[in-house]
Asks: 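My questions will all concern the structure given below.
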Amino acid sequence: MNGVMDERDIQQIMHEHTDYLLRLAFLYVKEWPTAEDIVQDVFITYYQKSDQFEQRSSLKTYLSKMTVNKCKDYLKSWRYRMQILTNSFSSKPKNHRNRLVEQDEKLELAEAILRLPLKYREVIIYYYFEELPVIEVAQHLNLSDNTVKTRLRKARTLLKEELKNNQWEVLLHE
């Protein structure tokens, strides 16, 4: 992007990328309000530093990488660790809406993915949800192709083990 970005430009970029970035952030941090904060921060950072964006990759890829980095920073933060500790002392019973939603097979699968350790979850996200080839996943994560393949294999094994007792009526027949 050359020169100064105006308000219409940033609004158009936000309109095109917000939903995707929110889903991506949620897959990392597992909380919608936090995902929203992270995506908002991504857009603010991009707006402030838009003149530094080099078009070596697509804007979507650039914003995705910023989002993933901010998610990882959040997961390492003191704020996140304190929240985990607080939640462990005050776990609330699930509300009626959550119980109904959890019956959906796709939600069960998504929850299983969210329970994976981060290094396995992120390769699953890039490979299956982003539909990136192994070589691009490796580039995004600064890993070797073989490491990505190994993590994918391990993630599939962990998911299979966790979901082995589920009775899949819809997903197996799609």
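Values below: all heavy atoms of this structure, side chains included; hydrogens, waters and symmetry mates excluded.
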Asks: For Ala25 versus Val39, what's the shortest heavy-atom pair and its separation?
Replies: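 Heavy-atom minimum between the residues: CB-CG2, 4.2 Å.
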Asks: Report yes or no: do Leu159 and Tyr128 belong to one cluster of Ile/Leu/Val/Met/Phe/Trp/Tyr joined by side chain heavy-atom distances under 4.5 Å?
Replies: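 As far as the 4.5 Å side-chain criterion goes, Tyr128 and Leu159 are connected within one cluster.
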Asks: Working to the nearest 0.5 Å, report the span between CZ of Phe129 and CG of Leu24.
Replies: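 Between atom CZ of Phe129 and atom CG of Leu24 there are 11.0 Å.
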Asks: Provide the closest heavy-atom pair for Val134 versus Asp145 in the form atom of the first, atom of the second, distance.
Replies: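 Answer, listing the atom of Val134 first, then Asp145: CG1-O, 3.7 Å.
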Asks: Are the side chains of Tyr28 and Ile125 in contact, using a 4.5 Å heavy-atom criterion?
Replies: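 In short, these two side chains touch, coming nearer than 4.5 Å.
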Asks: At their closest point, which heavy atom of Tyr74 faces which heavy atom of Glu31, and how far apart are they?
Replies: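 Scanning both residues, the minimum pair turns out to be OH-OE1, 3.8 Å.
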Asks: Measure up the His140 and Tyr126 rings against each other and bin them: parallel (under 30°), tilted (30 to 60°), perpendicular (over 60°).
Replies: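 Rings of His140 and Tyr126: parallel, under 30°.
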Asks: Quick one: pull up NE2 in His15 and CD1 in Ile13 and give me the separation to the nearest 0.5 Å.
Replies: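 The CD1 atom of Ile13 is 12.5 Å from NE2 of His15, to the nearest 0.5 Å.
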Asks: Out of curiosity, Leu27 CG to Leu116 CG, how far, rounded to the nearest 0.5 Å?
Replies: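 Answer rounded to 0.5 Å: 11.0 Å.
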Asks: Show me the side-chain donor-acceptor pairs of residues 146-155 shorter than 3.5 Å, one per line, residues at least two apart or across chains.
Replies:
residue, atom, partner, partner atom, Å
Thr147, OG1, Ser144, OG, 2.8
Thr150, OG1, Asn146, O, 2.8

Asks: Taking atom OH of Tyr127 as the centre, does the number of heavy atoms from other residues, nucleotides or ligands within less than 6.0 Å exceed 12?
Replies: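 Not more than 12 within 6.0 Å, no.
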Asks: Write down the atom of Pro117, the atom of Leu158, and the distance for their closest heavy-atom approach.
Replies: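 Minimum heavy-atom contact is CD-CD1, 4.4 Å.
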Asks: Are Phe43 and Thr18 side-chain neighbours, meaning at least one heavy-atom pair lies under 4.5 Å?
Replies: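 Answer yes - side chains close enough.
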Asks: Would you give the length of the straight line joining atom CG of Asp9 to atom OH of Tyr47, rounded to the nearest 0.5 angstrom?
Replies: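 Rounded to the nearest 0.5 Å, the CG-OH separation comes out at 9.5 Å.
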Asks: If only atom types and distance count, is the side chain of Lys30 paired as donor or acceptor with the main-chain N or O of Leu114 below 3.5 Å?
Replies: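 Indeed, once roles are kept as given, a pair shorter than 3.5 Å links the two residues.
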Asks: What heavy-atom pair brings Tyr46 and Met66 nearest, and what distance separates the two atoms?
Replies: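 Heavy-atom minimum between the residues: N-CE, 3.9 Å.
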Asks: Same cluster or not: Leu118 versus Leu21, using hydrophobic residues (I, L, V, M, F, W, Y) connected whenever any side-chain heavy atoms lie under 4.5 Å apart?
Replies: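 Per the 4.5 Å side-chain linkage, Leu118 and Leu21 are co-clustered.
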Asks: Would you say Glu16 and Gln12 are linked by a side-chain donor-acceptor pair, where the criterion is simply a distance under 3.5 Å?
Replies: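 Judged by distance alone, the side chains do pair up.
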Asks: If you measure from CD on Glu122 to CG on Leu143, what distance do you get to the nearest 0.5 Å?
Replies: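 The distance works out to 7.0 Å.
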Asks: Under 3.5 Å, is there a donor-acceptor pair between the side chain of Asp41 and the main chain of Asp37?
Replies: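 No, because the side chain of Asp41 does not come within donor-acceptor range (under 3.5 Å) of the backbone of Asp37.
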Asks: Which atom names give the shortest non-hydrogen contact between Lys70 and Ile38, and what distance separates them?
Replies: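 Looking at all heavy atoms of both residues, the shortest contact is CB-CG2, 3.8 Å.
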